[in-house]
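See below for the structure under consideration.
In each ligand, atom 1 is the first atom listed, and ligand 1 is the first ligand listed.
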Amino acid sequence: MPATSVIGAQWGDEGKGKIIDLIADRADVVVRFQGGANAGHTVIVDGEKFVFHLLPSGVLHEGKLNVVGNGVVVDPTVLLDELEQFESRGLKLRDRLLLSGAAHCVMPYHRVIDGLQEGEKAGVKIGTTGRGIGPAYADKANRCGIRLWDLIDESRLRVRIQANVSEINRFIVAVHGADPLEADAIFEVAREQGRRLAPMVKETGAFLRRLLAEGKHVFFEGAQGVMLDLDHGTYPYVTSSNADSLGIAAGAAVPPAAVGHQIGVAKAYCTRVGSGPFPSELHDELGEKIREAGGEFGATTGRPRRCGWFDVLAARYSAQLCGFGGLALTKLDVLSGMGEIGLVVGYDIEGLGRVDEYPVDTHLIERAKPIIETFPGWTEDIRDVRSFDDLPANCQSFIDQICDRVGVSWELISVGPGRESTIIRSVA
Ligand code: GDP
Ligand code: IMO
Ligand code: MG
């Protein structure tokens, strides 16, 4: 059985968690391969709400294995809290959760640096989630990170924390005028966390490759989205990992050919949290109306999400870059009663004129004005619709417009947050 990947096609928060949860009953194992606790994946089952930051969104399915791959940055505090929270709700997790020993830890000092950098007046403000993600990946690239294998080895852990904290103290005291951090206190907490996590720490790459060779169905769960990808998104207003499917092989330690069928998840409109260019943004009451109707407030930080029309250029770029085999279009219900609905079909860029393909260069995107085509909307409540043919005609043709222009057909249409509120055509 080939693998299936679920990837955010926009700026994150497309509803990846709902889609993974929905189709995870077909999986043997669900794998996170990048990002960290910056992710917030909300799943609603029988009216009960679950929010995942580090745990894969397959954990609600009893008996399914879940893997946190080497490409993830793991904040042990968040992971242990999340585990406890779900266990207190009756979910048995520890015997079906595997953590890659090669995954890097987000240490308390990473959060401190994230906060200090974002507070800097002179630097570029990314509007991060404040979860220490960038500094943790920077240490990984700088080869001074602490991996889970180090976290569970006391002597290695002590040496590495001491070396890192003394370096960081020089930096934060001199450059930021902040108070120095105490290596011993950080070590004591980390050592205890390492003890608690140790039984779950494994070499997950070999394990996943074996499952794939046995024909087991592996699902890869993306966090964030293509437009927040470190290499391919709106740099520097991005996260610090490869949030598109190009990150799967490296972040899960599987061959590129194992990535399998990819489902790109896209909202029927767009949202973005944090700074950075967002050509389709609606700055008027309509944007406000979509935010309210869609409950567009961050699951991790509670920040209001910026809202705009569906951006065809961005979604087509995502689809072509990743090679999506199908789309999951979410939150169609939110557009009910919005009047005429827009699609961004081109950018008007000062000095260049009309552009029909996503230009990638952030400086160009910053100067882009959206060229919007409008389509008649619908007023019907579609939350109880379970087949494409029962959707209002204008909703059907809006979906067709999106799929035609993006160049990928839909596999799932989501009309509400619950598992049941979904129209499924096919899922490979
Ligand atoms: P993720 O980060 O991609 O998993 O997405 P989030 O969970 O951060 O944000 C999506 C939000 O929309 C969550 O609150 C979901 O419960 C909700 N949601 C998902 N699909 C739908 C849908 O089709 N309609 C509505 N109204 N809400 C949805
Ligand atoms: P999910 O998985 C939406 C954004 C932040 C900021 C930028 C960098 O729920 O879709 P970071 O803390 O990663 O250094 O912040 O990326 N961001 C997200 N936006 N959904 C997410 O995750 C995000 N994770 C990070 O708002 O603009
Ligand atoms: Mg989210």
Ranking Pro417, Ser414, Ala293 by closest non-hydrogen atom to atom 18 (N) of ligand 1, top hit is Pro417
With Leu65, which residues qualify under side chain to side chain contact (heavy atoms under 4.5 Å, CB included), at least two apart? Val29, Arg96, Phe207
Hey, is ligand 2 close enough to Gly130 that some N/O pair sits below 3.5 Å? no
State if Gly127 counts as touching ligand 2 under the rule of any non-hydrogen atom under 4.0 Å. yes
Close approach of Gly40 to ligand 1, heavy atoms, under 4.0 angstrom: yes
Enumerate the residue pairs fulfilling ring-ring contact (aromatic ring centres under 6.0 Å, His included) with a member in residues 5-26, sequence neighbours excluded, ordered by first and then second residue. Trp11-Phe278
re atom 26 (N) of ligand 1, the protein heavy-atom contact at minimum distance is Asp333 OD2, 2.7 Å
Which option wins on minimum heavy-atom distance to atom 14 (O) of ligand 2: Thr301, Thr128, Leu230? Thr128
Please identify each residue that fulfils side chain to side chain contact (heavy atoms under 4.5 Å, CB included) with Asp348, with sequence neighbours left out. Lys369, Ile371
Is the shortest distance from a Lys or Arg side-chain nitrogen in Asp13 or Arg305 to a carboxylate oxygen in the other one below 4.0 Å? yes
Could you name all protein N, O or S atoms found under 2.8 Å from the Mg ion (ligand 3)? Asp13 OD1, Gly40 O
Are Glu292 and Lys289 close enough for a salt bridge, meaning some N to O gap below 4.0 Å? no
